[in-house]
There are 2 protein chains.
Amino acid sequence: MPRGRRRGSPPTRQTILAAALGRFTNEGYDRASLRDIATDAGVDPSLIIHYFSNKETLFAEALHLPRISEALHRTLEAAGPGSEEELGAHIAQALVGLLEVSTLAPAVTALIRSAASNEDVSRILREFLTRTILRRITASLTAPDPAFRAALVASQVLGVMMARFVLRLEPLASADPGLLARVIAPNLQHYLTGDLGGYNHPERQSAPPWS
Amino acid sequence: MPRGRRRGSPPTRQTILAAALGRFTNEGYDRASLRDIATDAGVDPSLIIHYFSNKETLFAEALHLPRISEALHRTLEAAGPGSEEELGAHIAQALVGLLEVSTLAPAVTALIRSAASNEDVSRILREFLTRTILRRITASLTAPDPAFRAALVASQVLGVMMARFVLRLEPLASADPGLLARVIAPNLQHYLTGDLGGYNHPERQSAPPWS
DNA sequence: GTCTATACGTGGATAGAC
DNA sequence: GTCTATCCACGTATAGAC
């Protein structure tokens, strides 16, 4: 398979990519069939293979993962440097805002949906979360166990996206993005700088930073 | 999982159910094929259809959803009635403990995995979360917007299970269950009784940076 | 560049012999 | 109760005609 294969006309290519993103977003990698994507795009199924050698390549190009990574990274960087006590709010605003405003929400949804059933996608999402969040955290945090804290932050972000876009759990699914960011911000902050409870008794919690 | 089961073994039904649960847990509903399940169980694929009329019935019986619901409900009830300021800790302990201690973890994992790509399973999980958590919350909570609070709690629980069992995000995936429950407890408590940041007070909202 | 036809595998489900 | 054989629909991918 030569990599320098001729590309098709841009309009048709874009149409296929848009249809593919839609299917991957709503059905995940497995259930989204090339036939359905072709039907949505109004083209022949074999044309998809002609443009993108296989389904995995189509998935990668439709999601455009580097674009997500770059946008998220830029948003996090733009949130301001080094303010440790407001890092939770910054991350919350960056992540939620990134999902709501931009055109990246479908890609992220597709990523989460597909990660549940596809091990490769799971690995991609795992590394993506780890690298992006952990890097931002370690850049301006002095608390111990940054990896554990990053994973906890990732878990809450994952849960919100899962509840909002996959499960469509109301009223969270229809909640205002700004409100959502503000609500989860103190919890992210607790994961980032709070006491992780390793030294306390289970029934006696230390005072959270927001109380 | 026992392989190579031969004829003359009475508990064929249980063997099939065990193999099915294993496949559904590790691969989700779609990717788990009856042929693979039959191979794991050491039986013929048609035998599965003979016992359970179709794949959906097999899925339902393998997960034994009523058992999960009952166990979770009982654990939540046993956590004690009415203590509003410790409800977060109770829910955290109940949910995390339920997943770690009992044999229900595979079923819950299968449920989450399958919900990502299957709309029917998604609905089941959604209604399950809503009913179980919301009911417990409204039973001993006076704070406004219980539905929104319940959804937020569900999102954090979902995220932890997703990160722990599906994505296997370290070091959260290998973290001690008790520690995990203690760490997320104050955050659940914040969702339950904390200030929701202007959910019903729109005039207090500050302008998000992305709007 | 686009489509028709088709190969090839897989997956769920059925009929019937023993 | 278990297996063999089979059906049919679907999904990815290829070959080749226009």
Side-chain angles (χ1 to χ4, degrees), chain A residues 1-24 26-63 110 113-114 117-121, chain B residues 2-63 110 113-114 117-121:
Chain A
M1 284 297 179
R3 290 186 76 87
R5 188 152 177 77
R6 285 186 70 87
R7 293 286 161 87
S9 58
T12 307
R13 239 187 99 89
Q14 281 308 115
T15 307
I16 293 176
L17 282 175
L21 181 56
R23 284 284 175 176
F24 286 137
N26 292 324
E27 306 180 0
Y29 182 84
D30 291 330
R31 284 182 113 86
S33 71
L34 295 184
R35 279 181 156 90
D36 290 341
I37 294 171
T39 302
D40 289 352
V43 300
D44 192 87
S46 62
L47 204 59
I48 300 180
I49 303 295
H50 177 244
Y51 284 141
F52 320 90
S53 310
N54 48 49
K55 193 181 181 181
E56 285 192 11
T57 304
L58 174 66
F59 182 75
E61 294 216 25
L63 262 64
R113 264 220 167 84
S114 306
S117 60
N118 191 300
E119 185 53 38
D120 292 332
V121 181
Chain B
R3 292 194 51 145
R5 178 170 274 280
R6 287 296 181 246
R7 65 178 64 195
S9 307
T12 307
R13 235 186 106 92
Q14 291 305 315
T15 308
I16 293 176
L17 282 176
L21 181 56
R23 284 284 176 175
F24 285 138
T25 301
N26 291 323
E27 305 180 1
Y29 183 84
D30 292 329
R31 287 182 110 90
S33 69
L34 294 184
R35 283 178 160 86
D36 289 341
I37 294 172
T39 302
D40 289 352
V43 301
D44 193 88
S46 61
L47 250 191
I48 300 180
I49 303 295
H50 176 247
Y51 282 135
F52 320 89
S53 310
N54 48 48
K55 193 181 182 181
E56 284 192 13
T57 304
L58 174 67
F59 182 76
E61 294 217 26
L63 262 63
R113 264 223 167 82
S114 305
S117 60
N118 191 300
E119 185 53 37
D120 292 332
V121 182

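Throughout, a chain's letter reflects where its sequence line sits, starting with A, and its residues are numbered from 1. Everything numeric here is computed off the predicted structure, so don't read it as measured data.
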Asks: Among the nucleotides dC3(D), dT2(D), dG1(C), which one has an atom lying closest to any side-chain atom of Val43(B)?
Replies: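 For Val43(B), the side-chain atoms sit closest to dC3(D).
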
Asks: To the nearest angstrom, how far is Lys55(A) atom NZ from dC10(D) atom C1'?
Replies: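 Rounding to the nearest Å, NZ of Lys55(A) and C1' of dC10(D) are 12 Å apart.
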
Asks: Using the test side chain to side chain contact (heavy atoms under 4.5 Å, CB included), find all partners of Ala38(A) that sit at least two apart in sequence or belong to another chain.
Replies: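 Ala38(A) satisfies side chain to side chain contact (heavy atoms under 4.5 Å, CB included) with Val43(A), Pro45(A), Ile48(A) only.
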
Asks: Rounded to the nearest angstrom, tell me the gap between atom CD1 in Ile49(A) and atom C1' in dG11(D).
Replies: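 Those two atoms, CD1 and C1', are 10 Å apart.
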
Asks: Grab the CG-C1' distance between Leu34(B) and dT14(C) for me, whole Å please.
Replies: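 Going from CG in Leu34(B) over to C1' in dT14(C) covers 13 Å.
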
Asks: What is the distance, rounded to the nearest whole Å, between atom CD1 of Ile48(A) and atom C1' of dT14(D)?
Replies: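 Whole-Å distance recorded here is 15 Å.
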
Asks: List the residues meeting side chain to side chain contact (heavy atoms under 4.5 Å, CB included) with Asp120(A), not counting sequence neighbours, and say none if there are none.
Replies: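 Testing Asp120(A) for side chain to side chain contact (heavy atoms under 4.5 Å, CB included), a comparison that skips the adjacent residues, returns Glu56(A), Asn118(A), Arg123(A).
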
Asks: Suppose we screen for ring-ring contact (aromatic ring centres under 6.0 Å, His included). Which residues come up paired with Phe24(B), at least two apart in sequence or across chains?
Replies: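 For Phe24(B), the residues satisfying ring-ring contact (aromatic ring centres under 6.0 Å, His included) (neighbours in sequence not counted) are Tyr29(B), Phe59(B).
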
Asks: Nearest-Å distance, CZ (Phe59(A)) to P (dG11(D))?
Replies: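 Taking atom P of dG11(D) as the reference, CZ of Phe59(A) is at 17 Å.
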
Asks: Determine: side-chain N/O of Tyr51(A) to OP1/OP2 of dT2(C), distance under 4.0 Å, yes or no.
Replies: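 Tyr51(A) to dT2(C) OP1/OP2: side-chain N or O found under 4.0 Å.
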
Asks: At 4.0 Å (heavy atoms only), tell me whether Ala32(A) reaches a base, stays on the sugar-phosphate, or touches nothing.
Replies: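 If one applies the 4.0 Å heavy-atom cut-off, Ala32(A) turns out to touch the sugar-phosphate alone, with no base involved.
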
Asks: Just wondering, more than 12 heavy atoms not from Glu119(B) lying within 6.0 Å of its CD?
Replies: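 More than 12 heavy atoms, drawn from other residues, nucleotides or ligands, come within 6.0 Å of this atom.
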
Asks: Between dA5(D) atom P and Leu47(B) atom CG, what is the distance in whole Å?
Replies: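 Nearest whole value for this atom pair: 16 Å.
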
Asks: Please tell me if the side chains of Ser117(B) and Asp30(A) come closer than 4.5 Å, counting only heavy atoms from C-beta onward.
Replies: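 Result no, sub-4.5 Å side-chain heavy-atom pair not found.
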
Asks: Taking only residues two or more places apart in sequence or in another chain, which ones pass salt bridge (Lys or Arg N to Asp or Glu O under 4.0 Å) with Asp36(A)?
Replies: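 For Asp36(A) the salt bridge (Lys or Arg N to Asp or Glu O under 4.0 Å) partners, ignoring immediate neighbours, are Arg23(A).
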
Asks: Using whole Å, report how far CG of Asn118(B) lies from P of dG12(C).
Replies: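 Distance, rounded to whole Å: 13 Å.
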
Asks: Without decimals, in angstroms, what is the distance between Phe52(A) CZ and dT2(C) P?
Replies: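 The distance from CZ of Phe52(A) to P of dT2(C) comes to 12 Å, rounded to the nearest Å.
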
Asks: Can you list the residues that meet the side chain to side chain contact (heavy atoms under 4.5 Å, CB included) rule with Thr57(A), with sequence neighbours excluded?
Replies: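 Only Phe52(A), Asn54(A), Glu61(A) meet the side chain to side chain contact (heavy atoms under 4.5 Å, CB included) criterion with Thr57(A).
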
Asks: Can you pull every protein N or O that's under 3.5 Å from an N or O on nucleotides 4-10 of chain C?
Replies:
from   : atom 1 : to       : atom 2 : distance (Å)
dT4(C) : O4     : Ser46(A) : OG     : 3.2

